[in-house]
Amino acid sequence: MLDEVNETIMYLDMCDLDQIAESGQCFRWMPCREGGYLVHDGADQAYIKQIGTVLVVRYAGNTLAKWFRYLDAGTDYRHILESIPDDDKYLRAAADRGCGLRILRADLWETMVSFIISQNNNIPRIKASIYALCRKLGKPRRSLLGEVGKDLGKDFYFTFPTPADMADLDALQGLGLGYRDKYLAELARDVMLGRFRPDKLQDMSTDEAHRYLKSVRGIGDKVANCILLFGLGRHDAFPVDTWMKKIIDREYGGKFPLERYSGTAGVIQQYMFYAERTR
DNA sequence: GCCCAGGCGTCCC
DNA sequence: GGGACGCATGGG
């Protein structure tokens, strides 16, 4: 039954929804008046509310496994936190502040588009553009709560547009995308025509996938790393944006000791980014 | 008017 | 391979 609404509880260690919502990796989390978030990813929606150490997850049909994966519920973040050496006072404090952060495993296409939009842009504007993009080119679907945020309308949310929905440059006007509109239309067309194959990324090494992503116009070093980290679950990818540059200059004399965190550098990066943004 | 934002493409050396 | 510069757009 496609429209069936289910609800379950999930025990998840080291998880704080408010921290994740403010961590710059998800742009379609809508806080609800009664608490919790309406979370959108690709074509799907869930309502997730945290009560202490328990997550209440409301979801449609048989998508529970998807949300389990989305929340990266199989990863032991306590272990990562404890692996941070005591001699790095800055990082210990940053990780302590953001100890409820997790690396979301978001929809790959949405992650590619979102982080192309993110370049030389700020988070409120990124959210506004993505919101407008979904509203204009996504498809309306019945909402789990009978409402979405403040002004999307009472009963519907919008799916994230597909490559086919986004291949027309004219349709991307008026969304505040700026010069990035051309990158998106070109990528959407290439995906539609099979000239760029996101599905191939899964089987590549992180280095290979990084190179392949960078072959897309509009995807450079940093955006490629964000896609690897948030869209492909590669916790070894280490995005460095202007905030991270500031931290690395101030705390590490311009050179971060990446070799200490092989395999989890991306997670560590998220603690640093969050700490800097909220200090 | 400036500078900045989860940067990148292009040009020039 | 590295360093300027332009790029759309809105907020401070």
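Proteins get letters first, then strands, A, B, ... in listed order; numbering begins at 1 in each.
- Taking atom NZ on A:Lys127 and atom P on B:dA5, their separation rounds to 17 Å, with Å as the unit.
- For the P atoms, the distance linking B:dC2 with C:dC5 amounts to 15 Å, nearest Å.
- Between A:Phe115 atom CZ and B:dC8 atom C1' there is a gap of 16 Å when expressed in whole angstrom units.
- Between the CH2 atom of A:Trp243 and the C1' atom of B:dA5 there is a distance of 8 Å, given to the nearest Å.
- A:Ile123 comes within 4.0 angstrom of the backbone, heavy atoms only, and of no base.
- Whole-Å rounding puts the A:Ile247 CD1 to B:dG6 P distance at 12 Å.
- Using a 4.5 Å heavy-atom threshold, the side chains of A:Pro239 and A:Met244 count as separate.
- For the P atoms, the distance linking B:dG6 with C:dG3 amounts to 24 Å, nearest Å.
- For A:Arg125, the side-chain atoms get nearest to C:dG10 when compared with the rest of C:dC7, B:dG6, C:dG10.
- Between A:Asp72 and A:Arg102 no salt bridge is recorded (no basic side-chain N to carboxylate O distance below 4.0 Å).
- Seen from the ring of A:Tyr59, A:Lys66 does not count as a face-on cation partner, given the 6.0 Å and 45° thresholds.
- The residue A:Gln173 sits apart from the nucleic acid: no heavy atom pair falls under 4.0 Å.
- As judged by a 4.0 angstrom heavy-atom cut-off over every strand, A:Leu177 is placed among residues making no nucleic acid contact.
- For A:Glu276 against B:dG6, no side-chain N or O and base N or O form a donor-acceptor pair under 3.5 Å.
- Of the candidate nucleotides B:dA5, C:dT9, B:dG6, B:dA5 has the atom nearest to the side chain of A:Asn120.
- The CD1-P distance, from A:Ile117 to C:dG10, rounds to 14 Å in whole Å.
- Nucleotides B:dC11 and C:dA8 have their P atoms positioned 15 Å apart, rounded to a whole Å.
- Contacts of A:Gly24 with the nucleic acid, taken as non-hydrogen atoms under 4.0 Å apart, include base atoms.
- Among the protein residues, A:Ser23 comes within range of the nucleic acid bases, having at least one heavy atom under 4.0 Å from a base atom.
- Between A:Arg217 and A:Pro124, the residue whose closest nucleotide on DNA chain B is further toward the 5' end is A:Pro124.
- We find that the ring of A:Phe273 and the base of B:dG6 stack, their centres lying under 5.5 angstrom apart and their planes tilted less than 30°.
- Between atom CZ of residue A:Arg141 and atom CZ of residue A:Phe156 there is a gap of 12.0 Å, rounded to the nearest 0.5 Å.
- Rounded to an integer number of Å, the gap from OH of A:Tyr179 to P of C:dA8 is 8 Å.
- Nucleic acid contact for A:Asp221: sugar-phosphate only, since backbone atoms but no base atoms lie under 4.0 Å from a heavy atom of the residue.
- Per the geometry, CZ belonging to A:Arg180 stands 11 Å off P belonging to B:dG6, to the nearest Å.
- Here the side chain of A:Gln270 is nearest to one of B:dC8, B:dG6, C:dA8, namely B:dG6.
- For A:Phe230, whose side chain is taken as the heavy atoms from C-beta onward, the closest listed nucleotide among B:dG6, B:dG7, C:dG10 is B:dG6.
- For the residue pair A:Asp96 and A:Tyr271, no side-chain donor N or O sits within less than 3.5 Å of a side-chain acceptor on the partner.
- In this structure, the nucleotide among B:dG6, B:dG7, C:dA8 sitting nearest to the side chain of A:Gln25 is B:dG6.
- Put simply, the residue from A:Tyr131, A:Trp67, A:Tyr157 that forms a ring pair (Phe, Tyr, Trp, His ring centres under 6.0 Å) with A:His40 is A:Tyr157.
- In this structure, A:Lys245 places its NZ atom 12 Å from P of C:dG3, rounding to the nearest Å.
- C:dA4 and B:dC4 have their P atoms separated by 15 Å, with the value rounded to a whole Å.
- Checking the phosphate oxygens (OP1, OP2) of B:dG7, no side-chain nitrogen or oxygen of A:Ser118 falls inside 4.0 Å.
- Side-chain nitrogen and oxygen atoms of A:Arg277 include at least one within less than 4.0 Å of the OP1 or OP2 phosphate oxygen of B:dG6.
- Ion pairing between A:Asp199 and A:Arg197 holds under the 4.0 Å rule for side-chain N and carboxylate O.
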